[in-house]
Amino acid sequence: MSSSFEKFQKRRVITSYFSVVLSIFLVLFLLGILGLFVINSKRLSDNFKEEIAMTVFFKTEATDSTIAAFTSELKTAAFAKSFEYVSKEEAAKKHMKVIGEDFMQFLGVNPLQNSFDIHLKADYVTNAGIAKIENRLRKNEMIADVVYDKQLVTLVNDNIKNISMWILIISCVFALVSVLLINSSLRLSIYANRFIIKTMQMVGATKSFIRKPFIQRSVLLGLIGSALAVFALIGVLVYIQTTFPNLGIMEDKLAITVVLLGVLILGVVITWISTFFATQRFLNLRTDDLY
């Protein structure tokens, strides 16, 4: 009979430890994901901005030397991240693939123009910045037109400001919720041992002596949970870097190290503080209040 009870008690203790580690792991993992997103938010927004292309069309009379001169200009231009020259023949092939017909058979000529698809650096993807670049390019008499999605540029810049503000607010709220959730898990774990705490106190054990094993156990559980969260975050980073190499999410190694160390330290600190105050509460309770 006693053997069955002991096994039941061991299973309950193991389950309690597992639930504490799992809650710490999940909370710190989500908090770490949010932290990584915050430090990479500018990189992500810049990457999205740089996907917006500006297309420069040249007049039919533009010569090869004109195209070559413009290519040299773009290579030294501060605003150009990358560019691609699209001849009117290449443009015709792309159009035929899209519409599924050879439109030049009906027209007899190729009405398309030679063009450049220019991807601007993120700092220049603003309404004012692109307007300056457009005015500069239009000074070239061989340029027929400069086309880009003005509404998309406005929408992107406005949304990035709003998203950044909400990310900051959510980060603060989530950090508070994380502390409360971990604290609740540990308080429940300490609550299950409230009679042991009071018994040790009644036989003359000091408060620091009673708190010590509970704090050591909680810190160990916190360390295990936060370590698992760190490994999971590293796995996520490697996956994103492999799947989306253009984002360069692993480039800022110092910031990533700070986030991972922060998760590890936070797991230990929160469990230490939560356990200290939880045990202190039961130490200060009267025996009748334990029930």
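Both backbone and side-chain heavy atoms feed into the values below; hydrogens, waters and symmetry mates do not.
For the atom pair CG (Leu260) and CG (Leu36), the distance works out to 6.5 Å, reported to the nearest 0.5 Å. One distance of note links CG of Leu137 with CG of Leu74; it measures 7.5 Å at 0.5 Å rounding. Taking CZ of Phe57 as the start and CG of Asp145 as the end, the distance is 7.0 Å to the nearest 0.5 Å.
Note on Ile273: it clusters hydrophobically with Ile265, by side-chain heavy-atom contacts below 4.5 Å among ILVMFWY residues. Hydrophobic clustering keeps Leu261 apart from Val263 (ILVMFWY residues linked when any side-chain heavy atoms are closer than 4.5 Å, directly or through intermediates). There is a path of hydrophobic side-chain contacts, each under 4.5 Å, that joins Val27 to Leu30.
Between Lys212 and Phe209, the closest side-chain pair of non-hydrogen atoms is not below 4.5 Å. Met54 has its side chain out of reach of Val147: every pair of non-hydrogen atoms, C-beta onward, lies at least 4.5 Å apart. Within the 4.5 Å cutoff, the side chain of Met142 has no heavy atoms near those of the Phe70 side chain. Looking at Ile215 and Trp272, their side chains come closer than 4.5 Å, going by heavy atoms from C-beta outward.
Taking the charged nitrogens against the carboxylate oxygens, Arg136 and Glu73 do have a contact shorter than 4.0 Å, which makes a salt bridge. The pair Lys49-Asp123 does not meet the salt-bridge criterion, since no charged nitrogen lies less than 4.0 angstrom from a carboxylate oxygen.
Taking the six-membered ring for Trp and the full ring otherwise, Phe58 and Phe116 have centroids separated by under 6.0 Å.
Closest approach of Ala53 and His119 over heavy atoms only: CB-CE1, 3.8 Å. Contact detail for Thr257 and Lys253: the closest heavy-atom pair is OG1-O, 2.7 Å. Scanning all heavy atoms of the two residues, the minimum distance from Gln113 to Ala144 falls at NE2-CB, 3.6 Å. The two atoms that bring Glu90 and Tyr85 nearest to each other are OE1-O, 3.7 Å, heavy atoms only. Closest heavy-atom contact between Ile52 and Val125: CD1-CG1, 4.2 Å. Taking all atoms of both residues into account, the shortest heavy-atom contact from Leu120 to Glu50 is O-CG, 3.3 Å.
Within 6.0 Å of the NZ atom in Lys150, the count of heavy atoms belonging to other residues, nucleotides or ligands does not exceed 12.
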*asked:* Does Lys139 form a side chain to side chain contact (heavy atoms under 4.5 Å, CB included) with Asn135? I'd like the steps, not just the answer.
replied: CA-CA 7 Å; Lys139 290 178 181 179; Asn135 292 333; 5.6 Å; no

*Might you work through the side chain to side chain contact (heavy atoms under 4.5 Å, CB included) test for Thr71 and Phe83, ending with a clear yes or no?*
CA-CA 9 Å; Thr71 301; Phe83 61 90; 3.9 Å; yes

*When you look at Asp149 and Gln151, which way does the side chain to side chain contact (heavy atoms under 4.5 Å, CB included) test go after all the steps?*
CA-CA 6 Å; Asp149 195 332; Gln151 291 183 343; 3.8 Å; yes

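In this structure a side-chain-to-backbone donor-acceptor pair under 3.5 Å is missing from Lys132 to Asn127. When atom types are taken as modelled, the side chain of Asn114 and the backbone of Lys88 share a donor-acceptor pair closer than 3.5 angstrom.
In this structure, a donor-acceptor pair under 3.5 Å is present between the side chains of Thr55 and Asp117. Side-chain atoms of Thr271 and Ser274 form no donor-acceptor pair, as typed in the model, at a separation below 3.5 Å.
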Donor-acceptor pairs under 3.5 angstrom involving side-chain atoms of residues 220-245: please list them, not counting sequence neighbours.
unit_1 : atom_1 : unit_2 : atom_2 : d
Ser226 : OG     : Gly222 : O      : 2.8
Ser226 : OG     : Leu223 : O      : 3.1
Gln241 : OE1    : Ile249 : N      : 3.4
Gln241 : OE1    : Met250 : N      : 3.4
Thr242 : OG1    : Val238 : O      : 2.7
Thr243 : OG1    : Tyr239 : O      : 2.8

